[in-house]
Structure formats: structure tokens, C-alpha cells
Protein chains: 2
Amino acid sequence: MNRAAPARPAAPDDTGATRLKLLESAGEVFSRKGFRDATIREICGLAGANIASVNYHFRDKHGLYTEVLRYADRCAVHIEASEPVAGDARRRLRQFIKAYIAAMLDVGRPSWHGRLIAREMMEPSPALDAIVAQIIRPRSRVLSDLVEELLGPAATERRVIRCKFSIIGQCLAYHSGRHIHKRLHPGFELSSKAADEIADHIADFSLAAIDALRAGHKPARRAARGRPGS
Amino acid sequence: MNRAAPARPAAPDDTGATRLKLLESAGEVFSRKGFRDATIREICGLAGANIASVNYHFRDKHGLYTEVLRYADRCAVHIEASEPVAGDARRRLRQFIKAYIAAMLDVGRPSWHGRLIAREMMEPSPALDAIVAQIIRPRSRVLSDLVEELLGPAATERRVIRCKFSIIGQCLAYHSGRHIHKRLHPGFELSSKAADEIADHIADFSLAAIDALRAGHKPARRAARGRPGS
DNA sequence: GATTCTTTCAAACAGACGTTTTATACTCGT
DNA sequence: ACGAGTATAAAACGTCTGTTTGAAAGAATC
């Protein structure tokens with residue numbers, strides 16, 4: 001009865017050519033087709049590895065999926081650590097949105113990390129709790145702090161959460177709704193150049209809304225009758 | 001060689017107890033698990049029908065899925081026709097968002113229509129084109145007209161599209177991100193009462209942003225340096 | 001009441017999938 | 001050189017799934 005990986009059962013190292021190629025290929029296929037639709041045969045074919053290598057290196061399909069998520073997390077940390085966090089809150093929020101949109105639209109290299117996380121958000125697997133704790137919650141905290149600072153005295157816990165979801169929702173729309181976008185507006189491609197313009201729009205849109213909420217302040221409800229600005 | 005339904009191959013009527021129960025059960029299961037993960041055996045079990053009834057009434061699994069979408073469309077039209085469209089643009093947009101959020105969060109009766117459309121948006125099946133033409137595009141047109149009217153002289157085609165996606169994205173976030181929301185903020189349930197408050201927030205947030213874009217007008221880009229309001 | 005059409009049922013089929021087995025190279029330490 | 005440990009290969013196994021079969025029950029028509 002052979003169990004798990006041969007000698008080191010839970011070693012999260014990326015050494016080993018086959019193991020690494022399996023992680024990359026699995027990330028690509030999982031992010032495109034989801035856990036169920038992705039087949040081990042296709043992953044191994046893409047990696048140029050044998051079918052049995054998944055059992056050898058990752059015990060089974062779930063083990064492979066879990067390791068892919070941890071692998072993506074490790075890569076994401078490296079990318080994130082090199083990002084600047086300078087400037088005032090407005091500029092930092094804009095930068096946050098730009099980074100998020102870039103990850104969603106996969107500009108630059110063909111990285112599947114953003115797509116995989118987005119998929120996990122929509123259809124959670126048993127590994128979602130770990131993802132929330134390790135990846136999503138820290139990033140959510142950063143955004144919460146930004147929104148809270150921008151809302152100023154108008155910041156309540158509920159309102160910060162709602163604004164945070166409004167911002168993330170706008171970003172996610174360009175990923176989860178990309179097929180609709182393509183069919184609805186064929187002229188407006190989601191290219192790398194468009195990503196920057198989209199991020200600027202979301203930043204403008206959100207900053208204006210937060211400014212208005214801060215200015216309105218008093219009326220927590222029913223603040224939409226008169227012009228919020230002048 | 002038996003092909004398709006026995007006598008009337010493409011009759012979209014809902015007569016027939018077994019056929020109707022299959023459509024309802026399939027809609028429930030498809031919306032919860034997706035096309036691939038949903039099994040015919042589970043659908044038939046839920047409907048109290050035999051396995052072979054799918055082949056008899058809908059030819060195969062894809063035929064069943066297509067008919068479920070058409071069935072949902074037929075139901076949606078009935079619901080939508082009874083909605084009021086009175087009031088000024090601001091009030092109509094708020095009403096639009098309320099209806100959208102209600103459909104997303106499935107308040108009221110346990111309808112799977114919203115979930116199914118949302119799933120189809122994320123992972124399109126070959127039937128998506130028909131859905132876009134019959135369901136999504138008309139509704140998108142309504143929202144476009146609303147946003148264009150609200151933007152006034154600041155309305156460009158690109159900006160209308162971006163604002164539209166910002167609004168829809170905020171609504172979709174509470175569906176596609178509901179698992180994250182539950183884990184990130186356990187205290188904030190997505191109940192029926194919260195749906196109204198969420199819709200009001202999205203309306204306030206979006207109306208304020210659109211007002212600011214209209215007021216800013218001139219700077220199509222880079223309008224975030226100074227306060228957009230005063 | 002016999003015939004025809006429609007609908008349901010239990011059973012099986014063929015294929016795809018995850019997983020396992022067995023055997024074969026390869027890499028060291030000694 | 002040799003054996004222990006590591007890694008890959010080909011093939012098969014058992015299971016699950018969509019689909020089909022062939023028969024039987026029910027409804028309708030003459």
C-alpha cells in the first residue's frame with residue numbers, strides 16, 4: 001500500500017523538474033477548466049509527464065490542486081513584495097486597483113494565478129479557507145484601511161465593507177463578465193492598454209463615490225435625492 | 001435508431017408533468033453545480049423520473065440544458081413585464097439595481113434563474129449567444145440608456161460602457177463573491193433585509209460617481225488629483 | 001376489444017476518468 | 001560494483017457518467 005509522496009510527504013519545495021512542470025501545467029489547466037473539468041491526463045500531457053506522476057508527487061488530484069494553490073500563493077507573495085506602497089491614500093488606492101486589474105486581465109506574462117483565485121472565489125473548494133486566510137484576508141485588510149482612511153469621519157464598519165465590495169466588484173466584473181463583455185461590445189477589446197484605462201476609470205468612479213459619501217456624512221440612508229457635490 | 005423527442009421534436013411547450021418536473025429539477029441542479037458536475041441521475045432522482053426520460057424528452061444532456069435556459073427565459077419575461085418603470089432616471093436606476101440584487105441574492109422564492117444566468121456568464125456554454133441576445137442585451141440596453149441620461153453631456157460611448165460595468169460589477173460581486181463575503185465578514189449576513197440596504201448602497205455609490213463624472217466633464221483622464229466635488 | 005401511439009421503466013453499454021499496480025531506468029553512498 | 005532509494009513508464013482496474021436498448025404499461029382511436 002503506497003501512501004503519499006515517497007520520502008518527504010509534505011515538503012513544499014519546488015525542486016524537481018517534473019514536479020515543477022506539473023504544478024505549472026496544472027495551474028494552467030485548473031484555471032481554465034476548473035477542478036472537475038480538468039483531467040489528469042491533459043495536465044500530464046501538457047507537462048510531458050506520465051499519468052502516474054501525479055500519484056507519485058501529489059498523492060492524488062486533490063493533493064495536486066492544493067499544492068498548486070500553495071505554489072500560486074508563494075509566487076504571489078514574491079510579486080506583491082516588490083510593489084511600492086508609497087504616496088497618499090488616493091494614489092495607493094489607484095495603484096491597488098491597477099495591480100488588481102492587471103492580475104485579473106492577465107496582462108504581461110500568461111500567469112494563471114489571478115484566474116485560479118477568481119475561480120476559487122466563485123466555486124470554492126475545500127481549500128478555500130486556507131486561501132482566504134493566506135491570500136485574500138491580508139489583501140482585504142489593505143483595502144479596508146485605504147477605504148477607511150478615505151472615508152474619514154464617515155467611515156463605519158458596514159460602510160467600509162460595502163465600499164470595499166464595490167471596488168472589488170468592479171474589478172472582478174472584467175474577469176467574470178469578460179465573455180459577456182466580448183459579445184456585448186465587440187469593439188472594446190480587453191487588451192493590455194485597456195487595462196490601464198479601465199483601472200483609471202474604476203479609481204475615478206470609486207474615489208468620487210467615496211468622496212460623496214464622506215461629504216454627505218449625515219444621511220446614512222437616502223443620500224441620492226439632491227446633488228452630492230455642489 | 002430513435003431520435004429526439006417522439007412526435008413533436010422542437011415544441012417549447014411546458015405541458016407534460018414529467019417534462020416540467022425535469023426542467024425545474026434540472027434548473028435547480030444546474031444552477032448549483034454547473035453543467036458538468038450536475039448528473040442526469042441526480043436531476044432525475046430529484047424529479048422522480050427515470051434516467052431515460054431525459055433522452056426521451058430532451059434528446060440528451062445538452063438538449064435539457066438548452067431547454068432549461070429557454071424555460072428560465074420564459075419565466076423571466078413574465079416577472080420582468082410586471083415591474084414598474086416609472087419615475088426619473090435616478091429612481092429608475094435605483095429600482096433597476098434593487099431588482100438585480102434581488103435576483104442575485106434569490107430573495108423571496110427559491111428561484112434558480114438568477115444563479116443560472118450568473119453561472120452562464122462566468123462559464124459560457126454554447127448556449128450563451130442565445131442568452132445574450134434574448135436576455136442580457138435588452139437589459140443591458142435599459143441600463144445604458146439610464147447611464148447615458150444620468151451622465152448627460154459627459155456621456156461618451158466608452159464611458160457609458162465603463163459605468164455600466166461598474167454598476168453591474170458591484171451587483172455581481174455579492175453573488176460571485178458570496179463565499180468570500182461569508183468567510184471574511186461572518187457578522188454581515190446576506191439576508192433579504194440586507195439586500196435592500198446593499199442595493200441602496202450601490203445606488204448611492206454609483207449615482208455619486210456618475211454625478212462627479214458629469215461635473216468633472218472636461219478631464220476624461222486624470223480627474224482624481226483634486227477633489228472632484230467642491 | 002384490437003391497434004397504434006405515447007410514455008415510463010429497469011437494465012445494460014461504451015467511454016472517460018482517477019487511481020493503482022508492476023516493472024524499469026537512474027542516482028547515489030559505500 | 002552493488003544495493004537502497006528515487007523517479008518515470010505502460011498498462012490495467014474499478015467506478016462513475018451519459019446514453020441506449022427493449023420491453024411494458026397507459027391513453028387514444030377506430
Side-chain angles (χ1 to χ4, degrees), chain A residues 1-30 32-68 125-127, chain B residues 1-30 32-68 125-127:
Chain A
M1 191 188 289
N2 63 349
R3 297 174 43 78
R8 43 182 137 81
D13 56 352
D14 301 337
T15 67
T18 305
R19 182 188 162 93
L20 199 63
K21 272 195 288 188
L22 277 176
L23 285 174
E24 284 286 349
S25 303
E28 178 64 30
V29 179
F30 278 140
R32 279 212 326 271
K33 303 195 168 183
F35 179 78
R36 178 73 186 278
D37 279 21
T39 70
I40 289 188
R41 281 171 173 84
E42 179 181 359
I43 292 172
C44 291
L46 189 62
N50 190 270
I51 307 288
S53 55
V54 168
N55 169 278
Y56 180 74
H57 287 282
F58 306 99
R59 185 181 181 87
D60 57 9
K61 194 181 182 184
H62 276 97
L64 172 60
Y65 188 70
T66 303
E67 283 306 310
V68 166
S125 78
Chain B
M1 193 188 286
N2 62 349
R3 298 175 42 80
R8 43 181 136 80
D13 57 350
D14 301 339
T15 65
T18 304
R19 183 187 161 92
L20 199 62
K21 271 195 288 187
L22 277 176
L23 284 175
E24 283 287 349
S25 303
E28 178 64 31
V29 178
F30 278 140
R32 279 213 324 270
K33 303 195 168 182
F35 179 78
R36 179 74 187 277
D37 279 21
T39 70
I40 289 187
R41 280 172 173 82
E42 179 180 0
I43 292 172
C44 291
L46 190 62
N50 188 270
I51 306 288
S53 55
V54 167
N55 169 274
Y56 179 75
H57 287 282
F58 305 98
R59 185 182 181 86
D60 58 8
K61 194 182 180 183
H62 276 96
L64 171 60
Y65 188 71
T66 302
E67 283 307 310
V68 166
S125 78

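The sequence lines fix the lettering, A, B, ..., with proteins before strands; numbering per chain opens at 1.
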Asker: Should the pair A/F30 and A/F35 be assigned to parallel (<30°), tilted (30 to 60°) or perpendicular (>60°) ring geometry?
Answerer: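 Parallel: the ring planes of A/F30 and A/F35 meet at under 30°.
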Asker: Check step by step if side chain to side chain contact (heavy atoms under 4.5 Å, CB included) holds for B/I40 and B/L64.
Answerer: CA-CA 10 Å; B/I40 289 187; B/L64 171 60; 5.6 Å; no
Asker: Could you state the atom-to-atom distance from CG of B/N50 to C1' of C/dT8 in whole Å?
Answerer: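 Taking CG of B/N50 and C1' of C/dT8, I get 6 Å after rounding.
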Asker: What is the distance from NZ of A/K21 to P of D/dA7, rounded to the nearest Å?
Answerer: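 From A/K21 NZ to D/dA7 P: 14 Å.
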Asker: Could you pull out all residues at least two apart from A/D60 that satisfy salt bridge (charged side-chain N to carboxylate O under 4.0 Å, His left out)?
Answerer: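 With sequence neighbours excluded, A/D60 shows a salt bridge (charged side-chain N to carboxylate O under 4.0 Å, His left out) to no residue whatsoever.
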Asker: Measure CD/A/E42 against C1'/C/dA16 and give the value in whole Å, please.
Answerer: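 Going from CD in A/E42 over to C1' in C/dA16 covers 13 Å.
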Asker: Looking only at non-hydrogen atoms, find the nearest pair between A/S53 and A/T18 and report the distance.
Answerer: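 Result for this residue pair: CB-CG2, 4.5 Å.
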Asker: Is there a side-chain contact between A/H57 and the phosphate of D/dT8, meaning an N or O under 4.0 Å from OP1 or OP2?
Answerer: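 It does, given that an N or O in the side chain of A/H57 lies less than 4.0 Å from OP1 or OP2 of D/dT8.
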Asker: Go through it in stages, so that I can follow the logic: the residues are A/L22 and A/C44, the test is side chain to side chain contact (heavy atoms under 4.5 Å, CB included), and I'd like the CA-CA distance, side-chain angles, deciding distance and then a yes or no.
Answerer: CA-CA 7 Å; A/L22 277 176; A/C44 291; 4.1 Å; yes
Asker: Measure the distance from OH on A/Y56 to P on C/dT21 and round it to the nearest whole Å.
Answerer: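 After rounding, the reported distance stands at 16 Å.
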Asker: Tabulate protein N/O versus nucleotide N/O from nucleotides 17-19 of chain C, keeping only pairs under 3.5 Å, one per line.
Answerer:
| from | atom 1 | to | atom 2 | distance (Å) |
| --- | --- | --- | --- | --- |
| C/dG18 | OP1 | A/A38 | O | 3.3 |
| C/dG18 | OP1 | A/K61 | NZ | 2.7 |
| C/dG18 | OP2 | A/I40 | N | 2.9 |
| C/dG18 | N7 | A/R41 | NH1 | 3.0 |
| C/dG18 | O6 | A/R41 | NH2 | 3.1 |
| C/dT19 | OP2 | A/K61 | N | 2.8 |

Asker: Return the value, rounded to whole Å, for the distance between atom CZ of B/R19 and atom P of C/dT8.
Answerer: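 These atoms are roughly 12 Å apart.
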Asker: Are B/T18 and C/dT8 close enough that a side-chain N or O sits under 4.0 Å from OP1 or OP2?
Answerer: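 B/T18 to C/dT8 OP1/OP2: side-chain N or O found under 4.0 Å.
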Asker: Within this structure, what is the CD1-to-P distance between A/I43 and C/dA16, rounded to whole angstrom?
Answerer: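 It is 18 Å, rounded to the nearest whole Å.
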Asker: Please check this pair: side chain of B/K61 against backbone of B/A38, looking for a donor-acceptor N/O pair closer than 3.5 Å.
Answerer: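 Indeed, once roles are kept as given, a pair shorter than 3.5 Å links the two residues.
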